[in-house]
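In what follows, a single structure is set out as structure tokens and then discussed.
Lettering of chains follows the sequences in order, A, B, ..., and the numbering in each one begins at 1.
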Amino acid sequence: MLLVSVIREQRDGIINGLGRRGLKDAAELIDKAIALDQSRRDTQKHADDLKAKSNAEAKRIGELMKAGKADEAATLRAAIASEKEQLKNLAQELTSIEEALKVQLYKIPNVPAEKVPAGAGADDNLTVYEHGTIPTLATDALPHWELIKNYDIIDFDLGIKITGAGFPVYKGKGAKLQRALINFFLDEAEKAGYREMLPPIVVNEASGYGTGQLPDKEGQMYFVQEDGLYLIPTAEVPITNLYRDVILAEDQLPVKNVGYTPCFRREAGSWGAHVRGLNRLHQFDKVEIVQVCKPEDSYRILDEMCAHVQGLLEKLELPYRKLLLCGGDMGFNSAMTYDMEVYATAQQRWLEVSSVSNFETYQANRLKLRCKNKEGKTQLLHTLNGSALALPRIVAGILENNQTSEGIRIPKVLVPYTGFDMIS
RNA sequence: GGAGAGAUGCCAGAGUGGUUGAAUGGGACGGUCUCGAAAACCGUUGUGCGGGUAACUGUACCGAGGGUUCGAAUCCCUCUCUCUCCGCCA
């Protein structure tokens, strides 16, 4: 969430920035927060002053007792009663104002960075880079959901039987391909300086709040009622939350972590023609890169992370494009996001395979993730993350684009990992 | 699942109602000493939120939330978490 002090000091700039998300009521959102903040400060001043008075009186009673002046102490004690009552009311008032302010701040999304184009939705995203050539397929080329059946490598029906729709079973070379991709992605990240982490894939409520899935987006996550735990929708949640309530030293920055996890998404109500096959699943595998850095470095690092992701796609010989998301299409928490999309030639569609975001201090403020600089001052850090990469759509791209009459060709770089160069 | 113990500052660990934001030790940082280093000695070493141009200052925080009290790290209640032992188990 945004820092209330920043909202106070940069009201107009923030309203302006939020406008690029297509938010109609930005001014109203912000002004309500400012009003609550003002009343919070007034109330706190009032309460603090009164508390200072009563602290002094309590201390005075202690001194009188020690000096054996019990009767004087008793007089003073009697005088305090009404103050106590007032203090209690003020404290209650303050708590409820603070609560209201917090709720209000949770409603305000991150401010898009200056370079982010204004826009309402996907149509306003900017294509900033394209790479690779779209292959020319035979006329009888099949979409991946047909290919996986023909080669018997991914089985949706079995998944339905044991779990439900959107939980595929990977079989034989299909399963090996998953494992190969995961290892390839992890190895590449390690070469780029990331430290591998294998976190839990269920998290508590505090972690959900830390990275911004909660409140409001609990519908996205599977919830284990009995234990109050959420299945992670992305490794971002556990890996970024490793740094919740942490104060790092400057020389520990930037933190570069990578993790493979399964990801679980309920995706309620999103089933239809566009989400066939591997295009959208309830459970899928993903390797995620996460960085924590000093504010002045975060946009350089955003570029660095994109370059890493693009390098992966190039090594996999997949045609892709890079989009700079417009304000309206960005996630709630993000200040700037690039999406990478692979072209799935048989479907004739671009599939989002990675989303790389800079959250600036938005998550760090919730996480209380700070660093102590050389002057001994603490300041909020910036957090970033990106998929590197999400598997199912990569698999869809490989299957569709590399289909031949002899079978499906495995990208060269993966062959050492799969142990085979064709699925036939 | 059963039984017990505990939760204090960067860490270890005192503290059972009245200048305790918190003894002591360690660590870290700065200084003295040294050619340099070690040792020794001296000093510094929290966070949030307010007020103030600032120096500075108020307040809160000893797992969380309530309560008792003029006054709570210290007493009471609830919750959470951790650890140990037993059971079960990959």
Does the cation-pi check pass for A:Lys173 over A:Tyr151, that is, NZ or CZ under 6.0 Å from the six-membered ring centre and within 45° of its axis?
no
Suppose you measure atom C1' in B:G52 against the same atom in B:C41; what distance do you get, rounded to whole Å?
39 Å
Atom CD of A:Gln86 and atom C1' of B:C70: how far apart are they, to the nearest Å?
16 Å
Tell me: CD1 of A:Ile247 to P of B:G9, nearest whole Å?
13 Å
Please report, rounded to the nearest Å, how far the C1' atom of B:G71 is from the NZ atom of A:Lys59.
12 Å
Please give, in whole Å, the distance from B:U59 C1' to A:Glu98 CD?
12 Å
A:Ala52 has a side chain; which of B:U69, B:U47, B:G58 sits nearest to it?
B:G58
Could you tell me if A:Glu146 and A:Asn150 have a donor-acceptor pair between their side chains, going purely by distance under 3.5 Å?
no
Expected output: side-chain A:Asn365 to main-chain A:Met1 donor-acceptor under 3.5 Å:
yes
NA contact type, A:Ile61, heavy-atom cut-off 4.0 Å: base, sugar-phosphate, or nothing?
base
Distance-only, no hydrogens or angles: does the A:Lys368 side chain make a donor-acceptor pair with backbone N or O of A:Ile247 under 3.5 Å?
no
Taking only side-chain N and O atoms of A:Arg370, does any of them lie within less than 4.0 angstrom of OP1 or OP2 on B:G48?
yes
In whole Å, what is the span from the CG atom of A:Leu94 to the P atom of B:G58?
19 Å
OP1 or OP2 of B:G50 sitting under 4.0 Å from any side-chain N/O of A:Arg8?
yes
Looking only at atom C1', what distance separates B:A22 and B:U16, rounded to whole Å?
14 Å
Run the numbers on A:Ser355 and A:Asp339 for side chain to side chain donor-acceptor pair (under 3.5 Å), then give the verdict.
CA-CA 4 Å; A:Ser355 193; A:Asp339 273 7; 2.8 Å; yes
Separation between the C1' atoms of B:A64 and B:U8, rounded to whole Å:
15 Å
I want to check one thing: is the phosphate of B:G51, taken as OP1 and OP2, less than 4.0 Å away from some side-chain N or O of A:Arg41?
yes
Phosphate contact (B:G48 OP1 or OP2) by A:Thr378 side-chain N/O below 4.0 Å
yes
P-based separation of B:C86 from B:U47 [nearest Å]
43 Å
A:Ala47 vs A:Met65, nearer the 5' end of RNA chain B by closest nucleotide:
A:Met65
Any donor-acceptor N or O pair under 3.5 Å, side chains A:Asn257, A:Tyr194:
no
Report the secondary structure of RNA chain B in dot-bracket form, marking unpaired bases with a dot and bases paired to a different strand with |, and treating Watson-Crick or G-U pairs with both distances under 3.5 Å as paired.
((((((((.[[[..)..(.....]]]((((((.......))))))((((((....)))))).[[[[[..)....]]]]])))))))....
Pairwise C1' distance for B:G48 and B:U44, with rounding to whole Å:
22 Å
Please report the distance, rounded to the nearest Å, between CG in A:Asp245 and C1' in B:G48.
12 Å
Determine the Euclidean distance between corresponding C1' atoms of B:A37 and B:U32; express it in Å to zero decimal places.
15 Å
Is A:Arg40 close enough to B:C49 that one of its side-chain N or O atoms is under 4.0 Å from OP1 or OP2 there?
no
Between A:Gln104 and A:Glu99, do the side chains contain a donor N or O and an acceptor N or O under 3.5 Å apart?
no
C1' spacing across the pair B:G21 / B:A14, given as an integer number of angstrom:
15 Å
Whole-Å gap separating P (B:U59) and NZ (A:Lys51)
9 Å
Any A:Asn55 side-chain nitrogen or oxygen under 4.0 Å from OP1 or OP2 of B:G58
no
A:Gln38 CD - B:C49 P separation (whole Å)
16 Å
Taking the C1' atom of each, how far is B:C10 from B:G46, in whole Å?
10 Å
Categorize A:Gln44 for me: base, sugar-phosphate, or nothing, with a 4.0 angstrom heavy-atom threshold over every strand shown.
base
Just by distance, with hydrogens left out, do A:Asn110 and A:Asn333 show a side-chain donor and acceptor under 3.5 Å apart?
no
Does A:His144 reach the main-chain N or O of A:Leu278 with its side chain, forming a donor-acceptor pair under 3.5 Å?
yes
